[in-house]
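All remarks here apply to the structure that follows.
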Amino acid sequence: MIKTVIGVKKLPLTSNVCKQAVREVINLNRASVAHVEVQPGDASLLHRHKIFTQLYYILEGRGRMYVGGRGDFPVAKDTLIWIAPGRPHKLENTGRKILSHLVISIPPFSQTDVEVIDEQ
């Protein structure tokens, strides 16, 4: 059996519109995985994607997830959130520690499919 070990925090940071610590873990033909860290009191920008579905899996910390049409709800370790294409969403860290999560994008993530929504 072959094991591949990835030291996620050793991966380089990638740029993103939310200005959070994002590291691309893997990018395959059909999906990609990124590791994201949200600082206490911080939140991603409200945004949506036309093309891809996303799954957020909370590794540690706690927060509130907003998904358009479904409202907002608390999230914590081992929470899995499914976000369909076109649904506005954002994640806020409401805890005192870093909110660490994986974002799985199907098809693979592309910066060109990020539409930031003004929250006036």
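Treat the numbers as computed from the prediction; the structure is a model and nothing was measured.
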Do I98 and L59 belong to the same hydrophobic cluster, where Ile, Leu, Val, Met, Phe, Trp and Tyr are linked whenever their side-chain heavy atoms lie under 4.5 Å apart, directly or via other members?
->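 Shared cluster, no.
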
To the nearest 0.5 Å, how far apart are [atom1] in [X] and [atom2] in [Y]?
{"X": "D42", "Y": "L99", "atom1": "CG", "atom2": "CG", "answer": "10.0 Å"}
{"X": "L91", "Y": "L45", "atom1": "CG", "atom2": "CG", "answer": "12.0 Å"}
{"X": "W82", "Y": "R70", "atom1": "CH2", "atom2": "CZ", "answer": "6.5 Å"}

Between [X] and [Y] (side chain of the first, backbone of the second, donor and acceptor by atom type, cut-off under 3.5 Å), is there such a pair?
{"X": "D113", "Y": "K50", "result": "yes"}
{"X": "S105", "Y": "Q54", "result": "no"}
{"X": "R87", "Y": "G68", "result": "yes"}
{"X": "S100", "Y": "E60", "result": "no"}
{"X": "N93", "Y": "V38", "result": "yes"}
{"X": "S110", "Y": "T112", "result": "yes"}

Check side chain to side chain contact (heavy atoms under 4.5 Å, CB included) between I81 and all other residues, then give those that pass, not counting sequence neighbours.
->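 Residues passing side chain to side chain contact (heavy atoms under 4.5 Å, CB included) with I81: Y56, I58, M65, V67, F73, V75, T79, I83.
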
Contact between [X] and [Y] at the side-chain level, heavy atoms closer than 4.5 Å - yes or no?
{"X": "E92", "Y": "Y66", "value": "no"}
{"X": "R30", "Y": "I106", "value": "no"}
{"X": "P40", "Y": "R96", "value": "no"}

Heavy-atom closest pair (P88 atom, G86 atom, distance to 0.1 Å) is CD-O, 3.3 Å

Among R48, H47, H89, whose side chain to side chain contact (heavy atoms under 4.5 Å, CB included) with I117 holds?
-> R48

Please check if atom CZ in R62 has more than 12 non-hydrogen atoms from other residues, nucleotides or ligands closer than 6.0 Å.
-> no

